Amino acid sequence: MEARGFDTGRGGRFLIWAAFCLAFSCAAEAARAEPAPGEAAPIYDPGTVSVIDIGLSPEAIDELEEDPDEYVKGTFTLTFTDGTPGSEEGTIELANDIGVRLKGGTGSFRPLTEKAAFKLKFNEYAKQRVLGLKKMTLNNMVQDPSKLHETLAYTAFRAAGVPASRTGYADVRVNGEDFGLYLNVETLDDVGLERWFGEFDDPQHLYEGEYATDVTPGGASAFSVDEGDEDVRTDLEALIAAVAGGGSAFSERVDGLMDLDEMTRMWAVEKYIGHWDGYAGAGPSLLPGNELPNNFYLFSNAAGRFQMLPWGTDQTWSKHLDFGAEAGLLFDECLAEPACRDLHRESLALVGSEIDALDLDSLAEATAVLLEPWEELGGAREEHSPREIGLGVADARAFIAERPAELEDWLDSEPTSTPSPRPAPAASAADSLPQSPRALRVGRAVVVGGVLVTRLSLPAAGTLGKRVTIRTRTGSLAACKTRVRSEGAGPAVIRCKLSADARKRIAARWLRLRVELEFAADAGSRESRVFDVLAPRASD
């Protein structure tokens with residue numbers, strides 16, 4: 001690794017840092033102490049923008065097109081700036097290749113021909129690090145016109161004492177072409193975990209929960225193991241067994257297995273910032289079809305005691321969630337116990353006070369000003385117009401202004417009743433969706449053997465139509481179409497065989513499918529859902 005002319009304390013960057021301290025860092029000092037920032041601190045400074053150059057060979061580009069989840073060889077250069085385009089305050093250039101792959105979920109994945117998001121692994125092909133880091137996560141922010149949501153969200157989590165990633169901004173270039181502005185999110189790997197918790201080693205784990213994964217009986221295998229022994233999950237199985245057990249209060253069953261104080265603060269922040277796509281996000285009445293847990297980590301220490309960490313916060317600061325609406329199983333069980341429900345209320349009051357002390361509106365305003373000249377560099381890859389970006393910033397700032405009064409009103413109101421504990425599902429139903437009479441709910445959707453399989457929960461008797469298309473340069477092509485009859489509310493699995501053309505395309509490369517659902521209830525009501533499914537190459 002070669003470093004040239006880097007000095008974190010020079011020039012205009014100090015003035016920018018000072019402004020951000022007034023808006024954010026100094027207020028955060030009053031909250032629970034964060035660990036030492038380490039040598040990577042300069043790239044997680046929201047008051048500046050780094051420039052990242054990635055080099056990919058034609059062969060590597062072809063490999064990413066065929067399998068975007070696999071690392072390919074690339075080159076890496078990092079340039080520090082004073083926060084303005086064209087400035088340079090030193091560079092880091094790696095002499096050896098790094099690993100480069102694409103990332104993103106249903107709504108955020110983009111191919112290299114668009115504004116792709118990236119995972120970088122510096123030690124994939126050689127023993128090397130960048131500023132002590134093994135990995136780098138570069139989010140494309142295509143679902144966040146404001147470009148502020150994640151920075152504001154993770155700032156709020158950390159202020160509330162919840163271990164959470166730091167963020168910085170980067171202008172990303174691939175083979176010299178500017179891809180635009182990205183968010184550099186601190187990766188929660190063993191390096192990031194050791195910064196928060198100290199040495200990471202067996203039997204500790206970092207489990208990733210996504211797409212309806214929860215601590216249900218038989219559900220341990222549904223979690224991805226990001227760190228730790230993938231074949232030994234006794235810590236998670238012990239937590240699942242305790243949650244499912246009866247005969248005592250929820251907080252007593254999980255005592256010693258989960259840090260309830262930390263988790264209630266985590267859930268309180270999710271509710272406050274409107275993280276509907278997280279663990280304690282929306283209740284069914286607020287965002288039908290998206291109530292199932294997503295975007296969270298479970299971290300266990302050496303004693304098997306869990307904390308919950310946030311992820312995927314790009315769609316926050318927009319949905320005004322009910323602070324007590326049902327969500328993941330742990331959250332619902334907590335609210336069903338009076339003592340734990342009181343702890344949730346106390347955590348909300350604490351979180352509201354901590355976030356208010358941050359003056360996030362000033363941070364949002366300063367960040368928007370900083371980013372404006374950089375947002376013009378992405379060209380056609382930037383999916384949001386200046387007007388859309390401006391409206392996104394205004395919406396986020398309006399949410400920040402309105403939320404304290406909404407929380408105060410909720411805390412002043414007495415709950416009409418204490419909900420009953422939600423019965424734990426049987427192991428054989430671990431992958432099924434919970435029944436709900438309120439709305440059409442969409443769960444997992446995967447392509448298996450040329451068939452698109454979608455798990456749903458239907459609200460009533462009626463007819464469900466499913467139409468799947470492929471977007472091409474010349475328009476949309478039909479991939480499959482089906483219609484099924486439901487005799488009542490409850491879980492359902494809908495299968496739709498893809499066309500020969502769609503199966504041929506999947507055999508050659510990963511393929512994005514657009515799914516349109518329409519449910520017509522016998523009672524006369526109608527609901528629709530539209531979402532994308534990324535189908536892996538058939539040979540993978």
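Since the model is a prediction, treat every value here as computed from it, not as a measurement.
Between R233 and D235, no side-chain nitrogen of the basic residue sits less than 4.0 Å from a carboxylate oxygen of the acidic one, so the salt-bridge criterion is not met. Salt bridge R110/E383: present, at least one basic N to carboxylate O contact under 4.0 Å. One finds no salt bridge joining R101 and E70 here, because no Lys/Arg side-chain nitrogen approaches an Asp/Glu carboxylate oxygen to under 4.0 Å. A salt bridge is defined here as a Lys NZ or Arg NE, NH1 or NH2 lying under 4.0 Å from an Asp or Glu carboxylate O, and D190 with K134 meets this definition. Look at E262 and R265 and you find no salt bridge, because none of the NZ, NE, NH1 or NH2 atoms lies under 4.0 Å from a carboxylate O.
With a 4.5 Å cut-off on side-chain heavy atoms, D171 and I52 do not count as touching. Within the 4.5 Å cutoff, no side-chain heavy atoms of E88 are placed close to those of F80. Using a 4.5 Å heavy-atom cutoff, the side chains of L94 and T77 are not in contact. In this structure, V243 and L329 have side chains that are in contact, with non-hydrogen atoms separated by less than 4.5 Å. Residues V215 and L298 have side chains in contact (heavy-atom distance under 4.5 Å, counting atoms from C-beta outward). Between E210 and Y297 the shortest side-chain heavy-atom distance does not fall below 4.5 Å. No side-chain heavy atom of L321 sits less than 4.5 Å from a side-chain heavy atom of Y272. Counting heavy atoms from C-beta on, the side chains of V51 and L78 never come closer than 4.5 Å.
Judged by distance alone, the side chains of D359 and S362 do bring a donor and an acceptor atom under 3.5 Å apart. Side chain to side chain, T151 and Y169 meet the donor-acceptor criterion of an N or O pair below 3.5 Å. Neither side chain, T91 nor T79, offers a donor N or O lying under 3.5 Å from an acceptor on the other. Side-chain contact check for T84 and D82: at least one donor-acceptor pair (N or O, by modelled atom type) lies under 3.5 Å. Of the N and O atoms on the side chains of S146 and D144, at least one donor lies less than 3.5 Å from an acceptor on the other residue. Under the 3.5 Å distance criterion, with hydrogens and angles disregarded, no donor-acceptor pair is assigned to the side chains of N123 and K135. Side-chain polar atoms of Y279 and N294 form no donor-acceptor pair below 3.5 angstrom.
E114 CD to R381 CZ: the interatomic distance, rounded to the nearest 0.5 Å, is 8.5 Å. Considering CG of L56 and CD1 of I61, their distance stands at 5.5 Å, rounded to 0.5 Å. A distance of 12.0 Å separates CG of L193 from CG of N301, quoted to the nearest 0.5 Å. Atom CD in E177 sits 12.0 Å away from atom CD1 in I54 (nearest 0.5 Å). The distance from atom CD1 of I273 to atom NZ of K319, rounded to the nearest 0.5 Å, is 15.0 Å. Note that the CG atom of D277 and the CG atom of D314 stand 7.5 Å from one another [nearest 0.5 Å].
By the 6.0 Å and 45° rule, K147 does not stack over the aromatic ring of Y182. Under a cutoff of 6.0 Å and an axis angle of 45°, K127 and F122 do not form a cation-pi pair. A cation-pi contact, defined as under 6.0 Å to the ring centre and within 45° of the axis, is absent between R403 and W317.
Residues V130 and F76 come closest through the heavy atom pair CG2-CE2, 3.9 Å. The minimum heavy-atom distance linking A116 with L102 is given by the pair CB-CD2, 4.0 Å. Closest approach of Y71 to K119, counting heavy atoms only: CE2-O, 3.6 Å. Between H205 and D229, the shortest heavy-atom contact is NE2-O, 2.7 Å. Of all heavy-atom pairs spanning D178 and V172, the tightest one is OD1-O, 3.4 Å. Closest heavy-atom contact between C334 and W267: CB-CZ3, 4.0 Å.
For R166, the salt bridge (charged side-chain N to carboxylate O under 4.0 Å, His left out) partners at least two apart in sequence or on another chain are E186. Here R397 pairs with D361, E365 under the salt bridge (charged side-chain N to carboxylate O under 4.0 Å, His left out) rule; sequence neighbours left out.
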Go through it in stages, so that I can follow the logic: the residues are H344 and F323, the test is ring-ring contact (aromatic ring centres under 6.0 Å, His included), and I'd like the CA-CA distance, side-chain angles, deciding distance and then a yes or no. CA-CA 9 Å; H344 172 61; F323 296 102; 8.2 Å; no
I would like to know whether M258 and L330 meet side-chain contact (heavy atoms from CB on, under 4.5 Å); could you show each step before the answer? CA-CA 10 Å; M258 56 182 277; L330 293 172; 4.0 Å; yes
side-chain contact (heavy atoms from CB on, under 4.5 Å) for F399 and H320? Distances and angles first, verdict last. CA-CA 8 Å; F399 185 101; H320 294 249; 3.4 Å; yes
S165 and L188: side-chain contact (heavy atoms from CB on, under 4.5 Å), yes or no, with the steps? CA-CA 7 Å; S165 297; L188 291 177; 3.7 Å; yes
Using the side-chain contact (heavy atoms from CB on, under 4.5 Å) rule, take N139 and K103 through it: C-alpha gap first, then chi angles, then the decisive distance, then the call. CA-CA 8 Å; N139 285 353; K103 69 174 294 287; 2.8 Å; yes
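The main-chain N or O of D201 is found under 3.5 Å from a side-chain atom of Q204 such that the two form a donor-acceptor pair. Here the side chain of W374 pairs a donor or acceptor atom with the backbone of G83 at under 3.5 angstrom. Side chain of E270 to main chain of A280: a donor-acceptor pair is present (N/O by atom type, distance under 3.5 Å, no hydrogens or angles). Side chain of S108 to backbone of G104: no donor-acceptor contact under 3.5 angstrom is found. Looking only at distances, no side-chain donor or acceptor of T81 sits under 3.5 Å from a matching main-chain atom of E89. At distances below 3.5 Å, at least one donor-acceptor pair connects side-chain atoms of N140 with backbone N or O atoms of K115. With hydrogens and angles disregarded, a donor-acceptor distance shorter than 3.5 Å links the side chain of D332 to the backbone of A327.
Between F299 and F197, the ring planes are parallel. Angles under 30° get that label, and only those over 60° would be called perpendicular. Classified by interplanar angle (parallel below 30°, tilted 30° to 60°, perpendicular above 60°), the ring pair F118/F179 is tilted.
Enclosure of atom CD in E388 by more than 12 non-hydrogen atoms of other residues, nucleotides or ligands within 6.0 angstrom is indicated.
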Acceptor/donor pairs from residues 302-309 side chains to any protein atom, 3.5 angstrom cut, sequence neighbours excluded:
none

